[in-house]
There are 2 protein chains.
Amino acid sequence: MSKIKPTEKSYHHDDLRGKLIDATRGMIREGGVEAVSLRKLADRVGVSRTAAYHYFKDKNVLLCTLAQEGFRIWQEELDNIFQDETKPPADRYRGYIRWYMTYAVENAEYYDLMFGRAIWKQNTATEGLKKTAYDVFQKQVTMTRQCQDQGFLPATEDSLRLAQVTWGTLHGLARLLIDGIYTDDSHMDEMCDCAANLLMR
Amino acid sequence: MSKIKPTEKSYHHDDLRGKLIDATRGMIREGGVEAVSLRKLADRVGVSRTAAYHYFKDKNVLLCTLAQEGFRIWQEELDNIFQDETKPPADRYRGYIRWYMTYAVENAEYYDLMFGRAIWKQNTATEGLKKTAYDVFQKQVTMTRQCQDQGFLPATEDSLRLAQVTWGTLHGLARLLIDGIYTDDSHMDEMCDCAANLLMR
DNA sequence: ATTGTAATTTGACAGTGTCAAGATTGGTTG
DNA sequence: CAACCAATCTTGACACTGTCAAATTACAAT
């Protein structure tokens with residue numbers, strides 16, 4: 001038995017892979033995707049420049065791994081929100097909008113990693129990331145259909161298309177807030193309400 | 001009179017500044033913002049690595065200049081669309097949505113420069129760029145109010161907020177299409193229609 | 001103890017943006 | 001016309017970046 005799972009603890013450092021991921025997450029939170037440098041990362045973990053290459057093919061794969069983790073958590077949050085039986089469905093949807101925008105603003109750098117260009121441009125996304133992200137969207141679609149059935153999203157529209165457009169709306173608003181184009185987050189509540197009014201009926 | 005306007009033609013190269021801008025625009029169209037390199041740019045124009053520094057403080061200012069140019073053109077297009085008296089107002093708005101998405105997809109790299117993170121993150125935008133972009137948004141607001149008055153955008157909402165949200169919707173959809181998240185542009189028409197149905201009434 | 005193999009490091013290369021100092025050039029002035 | 005001068009452009013240099021190939025280290029099994 002010569003194979004050792006690289007994710008298991010190794011001798012030199014306990015779970016270097018995990019430490020790399022943790023440190024990268026920290027760097028992203030602090031300075032955004034563009035602040036992630038493999039060499040600074042190595043310094044932070046206390047390892048040589050190219051050590052990360054044994055666990056991640058290149059920088060892109062490392063970032064995709066982090067993004068994928070983000071989508072997994074996102075999925076869980078989504079489930080929690082829409083399984084909360086204490087609120088009426090329409091309130092849950094309003095809560096979802098609120099949660100979306102709040103999360104995006106408070107975790108701007110991480111949101112930017114997940115939905116930003118660095119990863120999605122010209123098919124650089126890992127297969128794993130694509131799949132996980134696709135699952136999240138599937139959830140969004142079924143959730144949309146459910147809301148249509150419950151009568152507060154327009155039933156005339158195709159669910160898939162409607163899911164795209166509603167999600168696009170939230171995504172767009174989030175981007176405006178994060179990048180500070182034409183907006184700052186001081187009026188986030190009003191924007192959420194306005195969006196809810198437009199989308200729901 | 002010792003001053004010579006740097007924008008005027010110089011002796012070594014006729015209007016180097018203009019040539020730099022042109023070449024940069026080309027690079028953006030070909031490979032996106034992230035493909036712009038000052039050294040490759042210099043090569044392309046046939047000048048030394050640091051020549052551009054005489055006309056632009058740094059790379060960021062160069063990009064902002066290009067983006068600003070984009071916003072000026074954007075402004076003109078917007079005027080054209082909403083001054084077209086041959087169509088009824090509602091059709092003009094639908095046409096605007098169509099134009100927006102088409103432009104974004106067909107000039108993805110340029111759209112990305114104008115509305116993407118590279119320029120807007122943490123206040124790196126030039127004052128000039130900010131102003132020009134702000135003017136465009138102002139137009140969007142007055143246009144929104146006009147549409148509210150004409151009765152096909154909800155009159156109950158605050159114009160500024162509504163302008164933000166409608167624009168956010170288009171921006172979000174454009175980003176989804178450009179980055180290829182959950183979508184490709186083969187269903188752009190349906191997405192435009194769906195968005196129009198949601199926004200207008 | 002030796003061998004094998006996985007983990008890690010070192011060296012190197014081709015890029016990048018940007019600063020400081022030097023070289024070039026053409027118009028203005030003595 | 002010659003000298004100067006300031007705008008323009010180039011060269012050299014520095015500190016970064018990602019990534020590959022080869023050498024080194026360290027542990028497990030024989």
Side-chain angles (χ1 to χ4, degrees), chain A residues 1-21 23-24 27-28 30-66 113 117-119 121-122 124 126, chain B residues 1-21 23-24 27-28 30-66 113 117-119 121-122 124 126:
Chain A
M1 186 152 299
S2 56
K3 277 264 163 99
I4 298 179
K5 286 194 208 151
T7 51
E8 300 299 323
K9 77 170 194 174
S10 51
Y11 40 98
H12 260 155
H13 307 78
D14 257 21
D15 188 23
L16 176 55
R17 192 189 132 98
K19 281 180 181 167
L20 287 169
I21 290 185
T24 307
M27 296 180 85
I28 292 172
E30 290 165 21
V33 197
E34 47 266 316
V36 175
S37 143
L38 289 187
R39 305 174 92 115
K40 288 203 184 103
L41 171 64
D43 274 5
R44 188 175 288 215
V45 177
V47 87
S48 83
R49 295 154 268 155
T50 61
Y53 280 85
H54 224 263
Y55 299 96
F56 308 96
K57 201 202 102 209
D58 55 21
K59 187 181 178 179
N60 184 58
V61 171
L62 171 63
L63 292 180
C64 284
T65 307
L66 268 289
L113 167 69
R117 204 153 192 255
I119 275 180
K121 61 166 183 200
Q122 66 220 119
T124 48
T126 300
Chain B
M1 188 155 300
S2 56
K3 277 263 164 96
I4 298 180
K5 285 191 208 154
T7 52
E8 300 299 323
K9 76 172 194 172
S10 52
Y11 42 98
H12 260 156
H13 308 78
D14 257 21
D15 189 21
L16 177 56
R17 193 190 131 99
K19 280 181 182 168
L20 286 169
I21 290 185
T24 307
M27 296 180 85
I28 291 172
E30 290 164 22
V33 197
E34 48 266 316
V36 175
S37 142
L38 289 186
R39 305 174 94 114
K40 289 203 183 103
L41 172 64
D43 274 5
R44 189 176 287 214
V45 178
V47 86
S48 82
R49 296 154 268 155
T50 61
Y53 280 85
H54 225 263
Y55 299 96
F56 308 96
K57 202 203 99 208
D58 55 21
K59 187 180 178 181
N60 184 58
V61 170
L62 171 62
L63 292 180
C64 284
T65 307
L66 268 290
L113 167 69
R117 198 145 199 263
I119 277 180
K121 59 166 183 199
Q122 64 220 120
T124 48
T126 299

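Letters go in sequence order (proteins before strands), and every chain restarts at 1. Hydrogens, waters and symmetry mates are skipped; everything else that's a heavy atom, side chains included, is used. None of these values were measured; they are calculated from a predicted model.
- Taking 4.5 Å as the limit, every side-chain heavy atom of Thr65(B) sits out of range of all side-chain heavy atoms of Thr126(B).
- For Arg44(A), the side chain to side chain donor-acceptor pair (under 3.5 Å) test picks out Glu30(A), with sequence neighbours left out.
- Between Ile21(A) and Tyr55(A) there is no side-chain heavy-atom pair separated by less than 4.5 Å.
- Rounding to whole angstrom units, CG of residue Leu41(B) and C1' of dT10(D) are separated by 16 Å.
- For the pair Phe56(B) CZ and dG17(C) P, the interatomic distance rounds to 14 Å; values are reported in whole Å.
- At distances below 3.5 Å, not a single donor-acceptor pair connects side-chain atoms of Asn60(A) with backbone N or O atoms of Leu63(A).
- Side-chain N/O atoms of His54(A) include none lying less than 4.0 angstrom from OP1 or OP2 on dT8(C).
- The shortest side-chain heavy-atom distance between Val33(A) and Ile119(A) does not fall under the 4.5 Å cut-off.
- The separation between Arg17(A) atom CZ and dT8(C) atom C1' is 17 Å, rounded to whole Å.
- For the pair Leu20(B) CG and dT10(D) P, the interatomic distance rounds to 10 Å; values are reported in whole Å.
- For the pair Leu66(B)/Val36(B), no side-chain contact is recorded, criterion being any heavy-atom separation below 4.5 Å from C-beta on.
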Exercise for review: Could you run through nucleotides 12-20 of chain D and give me one letter per nucleotide, 5' to 3': B if any protein heavy atom sits under 4.0 Å from the base, S if only the sugar-phosphate is that close, - if neither?
Suggested key: BB---BBBB
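- Note: CD (Glu34(A)) to C1' (dG17(C)) measures 16 Å, nearest angstrom.
- Note: CG (Asp15(A)) to P (dT8(C)) measures 11 Å, nearest angstrom.
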